[in-house]
Every structure is written in C-alpha cells, then in structure tokens.
**Student:** 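Pasting in a structure now, in structure tokens, and then I'll have a few things to ask.
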Amino acid sequence: MLSNRALVAALLAALTAGDALAQSNPLLSAPVPAGMAQGGNNAPQTVPQLLPDTSLINRAGSTTEAEAGATAEGPLAEPFRPAGPSRTVFGAALFARSAPTPSETSNPNYRLGPGDRVSVRVWGPVEAEVMGAIDPEGNLFLPSIGPLRLAGTRAGDLQRTVETEVRRIYTQQVQVYAVLLSASQIGVYVTGFVKLPGRHRGSGSDTVLDYLLRAGGVDPVRGSYRDIVVNRGGRAVTRIDLYPFLLQGKLPGLTLQDGDTIVVGSQGPTVSVDGAIRNNYLFEVKDRAMAGGELMELAGPLPAATNAVIRGTRNGQPWSRYVDIPALRRQSLLDQDVVTFITDAPAPTVRVFVEGSRIGPSVLVADRDMNLCQLLDHVAVEPNLADTGSVYLLRKRIAAQQRRSINEALDRLERQLFTATSATTGVAEIRASEAQLVSNYIQRGRRLEPEGRLVVMDNGGRCTNVRLEDGDTIVIPERSDTVLVAGEVSTPQAILWRPNMTIQDYVKAAGGYTQRGDDGGVMIRRASGQIILDPREGPRPGDELIVLPQLGAKSFQITRDLLQLIYQSALSVRVFN
C-alpha cells in the first residue's frame with residue numbers, strides 16, 4: 001500500500017496537471033516539420049483478416065515501433081482506397097461511357113470503299129469541286145480531271161492520295177483539299193457475354209470498341225476482356241486481347257464489314273491483387289495459370305513491397321503461401337487466388353524529433369540500435385540557454401500504455417462505486433457523498449491525456465542509455481533562473497533562485513503556508529519531470545516547489561482505491577525515476 005505522504009503527493013500532482021492535460025498537449029504527438037507532413041496517404045493500412053492488430057500491447061515478443069510490423073502501404077495518390085481484395089475487374093472502366101454515334105467516330109485506319117461520301121476541292125491553274133459517294137468501281141469523278149481511284153485508300157491518307165492523282169495531270173502548283181464526309185453504314189452482330197447482344201448499326205470506320213460499346217460492353221461478371229473473336233463469312237478473322245490496348249494502346253487495325261460478327265468469350269480464371277500496389281483490380285488469366293511475374297507487371301507493386309501472401313484453393317482445400325517478391329515471380333497462380341503485397345521488413349533507421357532549446361534540425365534519422373546518449377552528441381545547443389541536465393523523452397507507446405492503465409483503473413473504481421451496499425441509512429448517505437465526489441473525478445480522469453514522458457536524467461544530470469524508438473521526441477528545456485512555488489501557499493509565484501535559499505525560505509517568499517498547507521509535506525518537480533518526495537535539499541533553477549495539502553482520508557469508504565487511482569493518474573503525467 002502507498003504511504004500517506006506519497007498519496008498526498010500524487011493527489012496534488014494529478015490535480016495540478018489535470019487541467020493542462022484535459023486539453024490537447026502539443027507534446028503528445030511528434031512534431032512534423034514543414035515539407036514532411038503527411039496525410040492519411042502516408043498512413044499504413046492494416047490488411048483485414050490477414051495482419052495482426054496495430055493496438056499497442058506490452059508483452060514479451062511484441063514488436064516495438066522501431067521494429068515495425070507487416071503493413072500494406074497504399075499508393076500516395078490514392079490515400080482513401082479501402083484495404084482488402086478488389087471487386088473491380090481490370091478493364092471494366094473501358095465501357096463505362098455511352099456508345100458513340102457514327103458521326104462521332106473518326107478512324108484514320110479506315111479504308112474507303114463504295115458508298116463512302118467524300119468532298120474534294122481543287123484550285124489554282126484549274127478549279128474543280130465535287131461532293132459525292134464513291135461509285136461501285138471504287139472511283140470518284142472529278143470535273144476537269146477525271147476519275148480518281150479512292151477505294152482501298154486509308155482515311156488518313158486521303159489528302160495525299162488526291163494530291164498525287166491531280167498532280168499527275170497538272171504539274172503546275174495546284175492546291176487540293178480532300179476530306180471523308182461519312183463512311184457507309186454497315187450492320188455488325190455483337191454476341192457472346194455482352195450486356196446487349198444483337199445487330200448494331202454503325203459506320204464502316206468504327207472500331208471493334210465502338211460496336212462493343214453499342215452492345216453495352218463486356219459483362220464484367222461473365223465476359224472476357226482477353227478472348228474476343230471477329231468472324232467473317234463463317235471463319236475467324238482475328239482474335240483480340242484488350243489488355244495490350246489498356247496497357248500500351250495497341251489494337252488490331254481491322255476494318256469491319258457489313259455482316260461481321262463480334263463474339264465475346266466467357267471470362268477466364270481471375271486473380272485478385274491488393275495491398276502495396278498501384279493497380280488494385282481483378283486480373284483475368286489468359287491461360288489456365290498466370291505466373292507471378294506477369295501479375296507483378298499488371299499490378300505494379302510499390303517499392304515498399306517486400307513480401308506477398310497468396311490465398312486460394314488447391315485440390316478442393318484452402319491453400320496459402322507467404323513468399324518474398326523473388327519467389328512470387330516463380331509462383332504459379334490459379335483461378336480465384338488472392339495476392340496481397342505487404343511491407344514486412346524492419347526499417348534500419350528510426351526518426352527522432354527534437355524540441356526545445358536547440359540549434360540544429362528538429363528531425364534526426366539514426367540507426368535503429370542507437371541510444372539517447374549517442375544521439376545527443378549530434379544535437380547542437382547553446383550552452384548558456386539549454387538545460388542539458390533536464391532533458392526528457394516523450395514516447396507515444398508509453399502514453400498509450402498509461403492511457404490503457406488509467407481506463408482499466410477507472411472501470412474498476414466505477415464498478416466498485418455502483419455495486420457497493422450500505423448496512424445503514426447513515427452509511428448510505430456517506431456513500432452517496434462519496435459517489436458524487438468519485439464520479440466527478442472519474443469524468444475528469446476520462447479526459448486525461450497522458451503525454452508518455454520518460455525521465456532519462458539522474459540527479460547529477462547524467463544521461464541514461466535508453467534505446468530510441470521511431471517517433472520519439474527529445475525535449476531540451478530552456479535554462480531557467482527561477483523556482484515556481486505552488487500548492488498550498490498564500491501567493492503562488494515564481495521566485496528568483498539563489499544558492500543559499502532553503503525550502504522554507506522559498507515558502508516564506510511565497511507568503512507562507514495556507515491553513516490547509518502541510519508544513520511537513522513538500523515535493524519538488526524537476527524540469528525533467530522527476531518527482532522528489534521529502535526533499536533533503538533546496539530546489540534547483542527551473543524546479544517547481546509544491547506544498548501539499550493536509551488530507552483526511554478517514555471520511556471516505558473507498559479511500560484506498562481512489563487514492564491509488566489518483567497516484568496512477570499522476571504517474572501518467574510524470575514517470576517517477
């Protein structure tokens with residue numbers, strides 16, 4: 001059990017620090033200098049049902065923040081992408097727009113044929129103009145010049161072809177302007193696994209993609225983006241794989257004819273990929289299996305990806321593998337496999353922040369095994385301004401442990417408060433008063449935000465060899481020439497430090513003890529956060545001298561539990577050395 005003096009000291013420490021901690025403390029979160037701030041796009045996404053929780057648990061064998069753990073880093077350009085396997089088939093966005101009309105399409109690879117309307121104008125030594133359709137012989141008659149052979153000419157080469165034909169007759173400077181007005185209308189059948197199968201009319205210059213759009217596009221659940229066949233006269237003219245077009249813009253230069261049939265095959269095996277990648281999609285496997293190297297080319301793993309988890313089914317049984325990236329390239333992937341790219345390598349360095357009286361940068365990157373004393377040798381300070389003997393450390397992991405410990409203590413106290421029984425009416429009245437007091441403290445305790453302060457300096461100002469963790473904040477206080485006298489004194493104030501002044505001298509300078517002040521209960525709080533009970537010597541410059549109140553604990557029925565909780569709350573503010 002704690003001594004009465006320690007409990008009283010803890011009570012005052014909690015009361016004096018509670019108001020400040022109820023608000024957001026700027027030292028709770030590590031500072032991020034300008035240019036290094038990151039949004040939710042740099043925060044790691046934990047893969048559901050695959051990686052362990054990120055909650056901080058203090059147990060043997062758990063990874064520290066410096067050692068990290070298995071995470072799935074999302075791309076910087078897509079910070080809000082949900083983690084987990086994708087349900088979107090790669091290529092589905094190709095048919096998300098409405099179908100084009102024939103007048104909206106222009107295919108420079110289209111070859112002119114009978115029925116196509118062309119406009120040709122010639123001026124200079126001779127003037128001629130015609131706007132008409134190519135005749136069944138494949139010619140267009142131009143006055144003063146004669147028939148021009150245009151059938152089979154690419155739409156993109158029409159201007160050059162007409163110029164060549166005209167200048168064969170008129171060798172002098174002749175200006176020519178030729179343009180395809182409209183291609184002849186044709187009907188193409190689109191069937192297979194599309195949303196709107198049937199015969200669709202369009203222009204002869206339209207591509208296979210245009211007719212697929214008119215048919216509603218490939219069905220993303222049943223249709224294939226890699227097995228599309230164009231039939232003409234009962235035989236296959238060409239097979240189309242849309243992946244080269246989606247990735248490289250390559251599409252067969254096929255001119256469709258009236259009566260052609262486009263057949264979309266059934267969807268092949270699919271492999272899902274997620275985690276530390278750029279392309280979070282379901283990819284269709286062209287053959288029965290896909291090599292891991294091919295999947296990596298399609299998915300685009302991030303530089304941080306080091307390993308992959310493969311889940312699937314083999315011989316009717318659940319199957320999984322955990323492999324590194326080189327092994328994944330050689331792995332064979334089958335239908336319905338799910339591959340998750342993750343980062344599973346400890347960082348060789350830690351990032352440490354520096355606050356307070358410093359000259360150099362506020363962020364330092366050090367080796368993972370470096371301790372605090374070694375790092376402080378690389379921090380430049382002004383000796384006359386920095387209090388190097390009062391350096392302390394802020395650690396987020398300690399703050400989280402303190403927060404969890406306080407919540408557990410508050411829960412226990414709350415259960416005891418509302419489940420206690422009273423034998424008499426007098427005891428019930430006392431318990432009601434206690435309940436109101438304790439309930440108010442519980443509400444205040446819920447708002448307490450521990451700062452995770454770790455005392456790293458001894459009484460002689462010597463550094464402790466503490467191994468640094470990623471995200472630690474080193475605070476170097478400013479040197480002070482005053483002593484703050486607070487607590488149960490008549491006039492709390494800062495008093496100029498003098499080497500010959502005793503504790504009683506400082507109390508006297510602050511107006512002496514109040515009626516509730518305990519002349520035998522004084523504690524000193526160092527600038528480093530160290531708490532000294534029953535001090536044997538006077539305070540140092542920058543210390544806080546706190547006069548404790550006299551506290552009668554006999555009037556409480558649950559005093560011990562309440563005071564232990566108060567003491568624990570004080571520990572969350574200052575870690576006693």
Side-chain angles (χ1 to χ4, degrees), residues 25-38 42-44 54 56 58 60-69 71 304 343 345-402 450-480 525-531 540-543 571-577:
N25 194 323
L27 300 181
L28 289 177
S29 57
V32 180
M36 297 185 62
Q38 299 178 354
N42 261 349
T54 57
L56 297 175
N58 184 18
S62 62
T63 58
T64 66
E65 292 187 11
E67 293 165 347
T71 57
T343 301
T349 58
V350 294
R351 186 176 58 170
V352 180
F353 304 93
V354 182
E355 283 187 352
S357 181
R358 59 175 176 79
I359 298 177
S362 63
V363 179
L364 297 176
V365 177
D367 293 336
R368 198 175 67 170
D369 59 349
M370 179 171 284
N371 59 50
L372 176 64
C373 299
Q374 293 173 331
L375 185 70
L376 289 177
D377 292 337
H378 300 277
V379 179
V381 298
E382 177 60 48
N384 296 328
L385 299 179
D387 187 1
T388 56
S390 300
V391 175
Y392 59 88
L393 200 65
L394 298 180
R395 180 165 291 176
K396 292 182 289 185
R397 183 165 59 88
I398 293 179
Q401 293 171 350
Q402 293 171 342
E451 62 179 354
R453 180 182 295 211
L454 182 63
V455 178
V456 294
M457 295 290 181
D458 59 14
N459 287 329
R462 293 181 295 271
C463 176
T464 305
N465 288 328
V466 179
R467 187 173 71 90
L468 296 170
E469 296 184 7
D470 188 62
D472 282 351
T473 300
I474 301 172
V475 182
I476 306 174
E478 291 278 353
R479 190 179 295 276
S480 176
R525 183 161 56 197
R526 303 287 190 201
S528 63
Q530 180 184 6
I531 302 295
R540 301 173 183 173
D543 287 352
L571 280 174
S572 71
V573 184
R574 303 287 187 267
V575 180
F576 291 6
N577 196 8

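All values reported here derive from a predicted model rather than from experimental measurement. Each residue takes its place number in the sequence, starting with 1.
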**Student:** Taking all atoms of both residues into account, what is the closest heavy-atom pair of Val352 and Glu469, and its distance?
**Tutor:**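 Where Val352 meets Glu469 most closely, the heavy atoms are CG2-O, 4.4 Å.
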
**Student:** Would Asn384 and Arg479 satisfy side-chain contact (heavy atoms from CB on, under 4.5 Å), going step by step from the backbone distance to the final call?
**Tutor:** CA-CA 8 Å; Asn384 296 328; Arg479 190 179 295 276; 5.9 Å; no

**Student:** Taking all non-hydrogen atoms of both residues into account, name the closest pair between Gly529 and Val455 and its distance.
**Tutor:**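 Gly529 and Val455 have their closest heavy atoms at C-CG2, 3.9 Å.
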
**Student:** Which residues pass the side-chain contact (heavy atoms from CB on, under 4.5 Å) test with Ser480, sequence neighbours left out?
**Tutor:**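 For Ser480 the side-chain contact (heavy atoms from CB on, under 4.5 Å) partners, ignoring immediate neighbours, are Thr482.
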
**Student:** Working note: Val391 + Cys463, criterion side-chain contact (heavy atoms from CB on, under 4.5 Å); need CA distance, chi angles, decisive distance, verdict.
**Tutor:** CA-CA 8 Å; Val391 175; Cys463 176; over 6 Å; no

**Student:** Just verifying a value: how many Å separate Thr464 OG1 and Met457 CE, rounded to the nearest 0.5 Å?
**Tutor:**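 Result: 7.5 Å between the selected atoms.
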
**Student:** Verify side-chain contact (heavy atoms from CB on, under 4.5 Å) between Asp472 and Val350, making sure each step is shown before the conclusion.
**Tutor:** CA-CA 9 Å; Asp472 282 351; Val350 294; over 6 Å; no

**Student:** Any chance you could measure Tyr392, atom OH, to Asp387, atom CG, to the nearest 0.5 Å?
**Tutor:**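 The OH atom of Tyr392 sits 11.0 Å away from the CG atom of Asp387.
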
**Student:** Working to the nearest 0.5 angstrom, can you tell me the gap between Arg395 CZ and Gln402 CD?
**Tutor:**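 Going from CZ on Arg395 over to CD on Gln402, the span is 11.5 Å.
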
**Student:** A side-chain contact here means heavy atoms from C-beta on lying under 4.5 Å apart; do Arg351 and Val363 qualify?
**Tutor:**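 A side-chain contact under 4.5 Å exists here.
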
**Student:** Rounded to the nearest 0.5 Å, how far apart are CZ of Arg368 and CG of Leu468?
**Tutor:**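 CG of Leu468 is found 13.0 Å from CZ of Arg368.
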
**Student:** Would you say Arg453 and Val475 make side-chain contact, with heavy atoms under 4.5 Å?
**Tutor:**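 Result no, sub-4.5 Å side-chain heavy-atom pair not found.
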
**Student:** Atom CG in Asn459, atom CZ in Arg526: separation rounded to 0.5 Å?
**Tutor:**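 These two atoms lie 6.0 Å from each other.
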
**Student:** Which atom names give the shortest non-hydrogen contact between Ile398 and Gly452, and what distance separates them?
**Tutor:**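 Nearest heavy atoms, Ile398 then Gly452: CG2-CA, 3.9 Å.
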
**Student:** Asn465: which residues meet the side-chain contact (heavy atoms from CB on, under 4.5 Å) condition with it, sequence neighbours left out?
**Tutor:**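 With neighbours one apart ignored, the set is Asn371, Cys373.
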
**Student:** Looking at every non-hydrogen atom in both residues, tell me the closest pair between Ser362 and Arg358 and how far apart they are.
**Tutor:**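 In terms of heavy atoms, the two residues are closest at CB-NH2, 3.3 Å.
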
**Student:** Only counting residues at least two apart or in another chain, list the ones meeting side-chain contact (heavy atoms from CB on, under 4.5 Å) with Asp367.
**Tutor:**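 Partners of Asp367 under the side-chain contact (heavy atoms from CB on, under 4.5 Å) test: Thr349, Asp369.
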
**Student:** Run the numbers on Ile474 and Val379 for side-chain contact (heavy atoms from CB on, under 4.5 Å), then give the verdict.
**Tutor:** CA-CA 10 Å; Ile474 301 172; Val379 179; 5.6 Å; no

**Student:** Check side-chain contact (heavy atoms from CB on, under 4.5 Å) between Ala386 and all other residues, then give those that pass, not counting sequence neighbours.
**Tutor:**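 Per chain and number, Ala386 pairs via side-chain contact (heavy atoms from CB on, under 4.5 Å) with Ser357, Val381, Thr388, Ile476.
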
**Student:** How far apart are the closest heavy atoms of Glu382 and Ile359, and which atoms are they?
**Tutor:**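 Looking at all heavy atoms of both residues, the closest pair is N-CD1, 3.6 Å.
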
**Student:** Which pair of non-hydrogen atoms, one from Ala527 and one from Pro477, has the smallest distance, and what is that distance?
**Tutor:**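 Nearest heavy atoms, Ala527 then Pro477: O-CG, 4.4 Å.
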
